[in-house]
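Worksheet: one structure, shown below.
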Protein chains: 2
Amino acid sequence: MAREKIQIRKIDNTTARQVTFSKRRRGLFKKAEELAILCDAQVGLIIFSSTGKLFEYSSTR
Amino acid sequence: MAREKIQIRKIDNTTARQVTFSKRRRGLFKKAEELAILCDAQVGLIIFSSTGKLFEYSSTR
DNA sequence: CAGCCTATTTATAATTT
DNA sequence: TAAATTATAAATAGGCT
């Protein structure tokens with residue numbers, strides 16, 4: 001999306017991949033929360049990074 | 001986001017809420033898949049609409 | 001490294017068909 | 001009303017600090 005258009009395939013460079021993971025993970029969580037609020041939906045999101053670390057989101061009920 | 005900026009709170013109008021749900025649900029699934037591919041992560045996403053309908057995504061392993 | 005910057009791509013709210 | 005359009009808000013890739 002930004003300075004250059006990218007292809008959707010695994011990012012080879014480890015550092016770049018971790019940076020993108022952090023940025024996009026935050027964006028995904030934000031979008032999940034917005035959907036839950038705007039549309040009164042229940043949303044659960046679980047992510048395991050390539051290093052096995054867990055991240056999760058759930059819209060509270 | 002688009003023609004006008006909106007506030008993130010429950011959309012009162014039922015029809016408008018359903019339209020937004022369909023559009024944003026697709027966007028969220030797309031972003032989830034992109035994160036999984038770009039960053040080699042495992043992602044699971046589960047959504048229950050306000051009418052109780054289930055939608056889910058999982059990055060295949 | 002964790003954040004900031006910003007040009008550009010992408011998502012999407014309102015409108016039109 | 002569902003689908004397409006389009007103007008604009010939002011996300012973000014690469015660079016910099």
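Lettering follows sequence order; numbering is per chain, from 1.
As rounded to whole Å, 16 Å separates atom P of C/dT9 from atom NZ of A/Lys23. For B/Glu4 and D/dA10, the CD to C1' distance is 16 Å, given to the nearest whole Å. The separation between B/Lys30 atom NZ and D/dA11 atom P is 15 Å, rounded to whole Å. Rounded to whole Å, atom P of D/dT12 lies 10 Å from atom CD1 of A/Ile8. The interatomic distance linking A/Arg3 (CZ) with C/dT8 (C1') rounds to 8 Å, in whole Å. Across the protein-nucleic acid pair, B/Leu35 atom CG and D/dA13 atom C1' stand 15 Å apart, rounded to whole Å. The CZ atom of B/Phe29 sits 21 Å away from the P atom of C/dT10 (whole-angstrom rounding). If you take CD1 of B/Ile6 and P of D/dA11, they are 11 Å apart, rounded to a whole angstrom.
When distances are taken from the side chain of A/Lys5 to each of D/dG14, C/dT9, D/dA9, the shortest belongs to C/dT9. Closest contact between the side chain of B/Glu34 and the listed nucleotides C/dA7, C/dC1, C/dA11 involves C/dA11. Between D/dA10, C/dA11, D/dT12, one nucleotide has an atom nearer to the side chain of A/Arg24 than all others, and that is D/dT12.
Looking only at distances, a side-chain donor or acceptor of A/Arg17 sits under 3.5 Å from a matching main-chain atom of A/Ile11. Remark: the backbone N or O of A/Val43 is paired with a side-chain donor or acceptor of A/Ser59 at under 3.5 angstrom. Using a distance-only test at 3.5 Å, with no hydrogens or angles considered, a donor-acceptor pair links the side chain of A/Ser49 to the main chain of A/Thr51.
If you check every strand for non-hydrogen atoms under 4.0 Å, A/Ser22 touches nothing.
With hydrophobic clusters built from ILVMFWY side chains whose heavy atoms lie under 4.5 angstrom apart, B/Phe48 does not share a cluster with B/Phe21. Grouping the Ile, Leu, Val, Met, Phe, Trp and Tyr side chains by contacts below 4.5 angstrom, directly or via other members, places A/Ile47 apart from A/Val19.
D/dT1 is unpaired under the criterion used here, namely a Watson-Crick or G-U wobble arrangement in which both key atom distances are under 3.5 Å.
For the pair A/Arg26 and B/Arg26, both in contact range of DNA chain D, the more 5′-proximal nearest nucleotide belongs to B/Arg26.
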